[in-house]
Amino acid sequence: MAHTTRTRELAGGGVPTPAAAGRVMNADSALDRLWHLLTSMKLALVLILALAALSLVGTLLMQMPAGVADDPQARATWLAGVRPKYGGWTDVLDRLQFFTMFTSAWLRGLGALLSASLVACTVHRIPGTWRTMRRPHVAVGPAFFEHAPQHEAMTFHGAPDEVLPAVRGVFSRHHYRTLVEDDGAVHLYFDRNRWAPWAGLVAHVSIVVILAGAMVGSMFGFRDSNFMLAEGSTSAIPSKAGATITLNSFQDTYSPVNGAPLDYVSDVTVKRDGQVVTQQQVRVNQPLQFENVTFYQSFFGPAADVTAKDAAGNTLFSGGVPLAWTSDNGGNKVGTFALPDQNLTAWVVATTGVDDPSVKPGQVGIELYKADTGAAVVQQSIDQGAPTTVDGLTFTFDRESKYTGLSIASDPGAPLVWLGCLLLVLGFVVRLYVPYRRIWGRMVTRPDGGTSVSIAAVGRRDSGFDAEFTSLVTDIRQAATGPAGS
């Protein structure tokens, strides 16, 4: 009998062509490779090491203060100030965002990629964790009970239906859940703290939350660990229009017995549009809070009050210059200020003592550099209180003073970081102190009508679980009727 096969076109254009099918397969393959990459522990490790390396670079290199990067004129002035230190690398490092490392696209990109990897790893583990908790594998072969790290075999005179309640009762008293399957042999599965594996996923999520908090802080907040003020100087508060902070005085106190530091105090005044908002003494453990900006006492050092005037007697600069850096060629303390109208950056160099060949006690050195190129113009030492002409400008070293270094921060992502830290600690506590226990058992009827009972576990060998496993074996022997020995 002949059969006729009839075909018809599928709705929507029929059977896909080989080329179209290949494109679909290639897309699926690319997605599979991407998913495999994101769930790779190697990728997560590489990203963590890269983040650590970039953070180290940001720590070793000078970073732009808050608000400078977004102000072209302030940025140019700051770059001119560091050009003598970094020379021809200044513009390269700036273009690579190494001077703004903690808000750079490099760090944000790596952070986002690490977050995606952690989320993918978490999602990848959820189905397996759920299956293990809800529908674990109960039946295992006889070889498992011979090679598992913890295993024990026992025989009893009673039949399996007599021994099983005793075994279940022992595990129930030890707070284990019991699952039973019977396929001729009775397979047993016991577990305790079956929710504990979710603590590992909570730890993964916590790192994502911490990274999210760091991202929010870097995008919408700021941090400046090198905010410096000389005594009597006033500076604008970043991100706060019309707000300024003035250092009235700085006092450091030491023990007369052993010279140990006792107290560092910065007396500051905060103004808004010329009106005093607050005045406070900032100490290491007593930060100043102004709206959402926090000022922490961080460091201090010497400063030099300097005045610079042009040939017509107009004051170009007058104030304290923090001597916050150390020269590479002699250990001199140095500071800097800008003279933008003259396209100059001035460095103030302090003496190292009576043996200093260029700057004597009672003097400071004035070094002038071109702001746009960093080329040296002139270097000259001037005496305190004596106006001195340097390259057509008059500089006066008025007096020695002190400066304070404040770490200022506005971090809207801090609540997320704290939440992530709490979740991380919670996850570690659960993993350490609420161990996940799993034990398998097998009961077989013996030819004499008795029962062979084998139990085994695959947990890591530790003294706590070894003692618990031994206790379970002992309790089973005592609870089961008619023991015949091992």
Side-chain angles (χ1 to χ4, degrees), residues 62 64-65 67-68 71-88 90-91 94 227-236 244-247 274 301-330 332-352 356-403:
M62 294 173 62
M64 287 186 184
V68 170
D71 185 337
Q73 183 175 355
R75 187 188 192 100
T77 301
W78 188 88
L79 290 174
V82 301
R83 199 175 298 277
K85 181 177 179 65
Y86 296 107
T90 303
D91 293 327
D94 181 43
F227 188 83
M228 293 176 287
L229 277 174
E231 288 181 314
S233 298
T234 299
S235 178
T244 61
I245 182 171
T246 301
L247 177 64
D305 285 2
V306 176
T307 301
K309 296 182 179 182
D310 61 16
N314 299 312
T315 300
L316 304 176
F317 175 85
S318 180
V321 180
L323 305 177
W325 298 282
T326 302
S327 65
D328 297 329
N329 58 355
N332 302 78
K333 291 293 183 180
V334 297
T336 182
F337 63 92
L339 299 171
D341 292 340
Q342 280 69 36
N343 188 31
L344 293 173
T345 299
W347 284 74
V348 181
V349 183
T351 181
T352 59
D356 192 325
S358 57
V359 184
K360 300 301 181 182
Q363 293 182 333
V364 295
I366 298 295
E367 300 181 0
L368 299 181
Y369 299 86
K370 288 294 184 182
D372 53 354
T373 64
V377 177
V378 67
Q379 300 179 6
Q380 185 172 334
S381 297
I382 64 175
D383 296 319
Q384 182 174 348
T388 305
T389 300
V390 180
D391 194 42
L393 303 177
T394 301
F395 291 87
T396 305
F397 170 30
D398 298 310
R399 67 184 182 93
E400 297 178 354
S401 62
K402 298 178 181 178
Y403 78 89

Response to the item:
Minimal heavy-atom distance between S401 and A304, with the atoms involved, is OG-N, 4.2 Å

Worksheet entry | V348 side chain near F337 side chain, heavy-atom distance below 4.5 Å | yes

Discussion item. For a quick test of reading the model, state the closest non-hydrogen atom pair linking T315 to S318 and the distance between them.
Written reply: CG2-CB, 4.0 Å

Response to the item:
So CG of N314 and OG1 of T394: to nearest 0.5 Å the spacing works out to 11.0 Å

Item to complete: Could you check if a side-chain atom of Q342 sits within less than 4.5 angstrom of a side-chain atom of L368, using non-hydrogen atoms only?
Response: no

Fill in: Side-chain (S235) to main-chain (S233) donor-acceptor, under 3.5 angstrom
no

Discussion item. If you compare all heavy atoms of P322 against all heavy atoms of G320, which two are closest, and at what distance to 0.1 Å?
Written reply: CD-O, 3.6 Å

Discussion item. Check whether T307 reaches the backbone of T396 with its side chain - one donor and one acceptor, N or O, closer than 3.5 Å.
Written reply: no

Discussion item. For D356 and Q363: C-alpha separation, side-chain torsions, deciding distance, then whether side chain to side chain contact (heavy atoms under 4.5 Å, CB included) applies.
Written reply: CA-CA 11 Å; D356 192 325; Q363 293 182 333; over 6 Å; no

Worksheet item: What is the minimum heavy-atom distance between A371 and L344, and which atoms define it?
Response: CB-N, 4.0 Å

Worksheet item: Any salt bridge between R83 and D372, counting N to O under 4.0 Å?
Response: no

Fill in: Main-chain N/O of K370 paired to N343 side chain as donor or acceptor, under 3.5 Å
no

Worksheet item: NZ of K360 to OG1 of T352: how many Å apart, nearest 0.5 Å?
Response: 9.0 Å

Fill in: Trace of the side chain to side chain contact (heavy atoms under 4.5 Å, CB included) decision for W325 with T336
CA-CA 9 Å; W325 298 282; T336 182; 3.8 Å; yes

Worksheet entry | Step-by-step side chain to side chain contact (heavy atoms under 4.5 Å, CB included) determination, T388 to D383 | CA-CA 8 Å; T388 305; D383 296 319; 5.9 Å; no

Item to complete: Considering non-hydrogen atoms only, spot the tightest contact between V359 and S381 and give its length.
Response: CG2-OG, 3.8 Å

Discussion item. Classify the ring geometry of Y369 against W347: parallel below 30°, tilted from 30° to 60°, perpendicular beyond 60°.
Written reply: perpendicular

Practice prompt. Go through D341 and D310 one step at a time and tell me if the side chain to side chain contact (heavy atoms under 4.5 Å, CB included) criterion holds.
Written response: CA-CA 10 Å; D341 292 340; D310 61 16; over 6 Å; no

Worksheet item: Which pair of heavy atoms, one from F397 and one from I382, lies closest together, and at what distance?
Response: N-CD1, 3.8 Å

Worksheet item: Is the number of heavy atoms from other residues, nucleotides or ligands under 6.0 Å of Q384 CD greater than 12?
Response: yes

Discussion item. Counting only heavy atoms not in K309 (residues, nucleotides, ligands), do more than 12 fall under 6.0 Å from its NZ?
Written reply: no

Discussion item. Rounded at 0.5 Å granularity, tell me how far OH in Y403 sits from CG in L247.
Written reply: 12.0 Å

Worksheet item: So, do F395 and V364 sit near enough that their side-chain heavy atoms are less than 4.5 Å apart?
Response: no

Practice prompt. Would you give the length of the straight line joining atom CG of D91 to atom CG of L79, rounded to the nearest 0.5 angstrom?
Written response: 7.0 Å

Worksheet entry | Nearest-0.5 Å distance that lies between atom OG1 in T345 and atom CH2 in W78 | 12.0 Å

Worksheet item: Rounded to the nearest 0.5 Å, what separation is found between the CD atom of E231 and the CG atom of L229?
Response: 10.5 Å

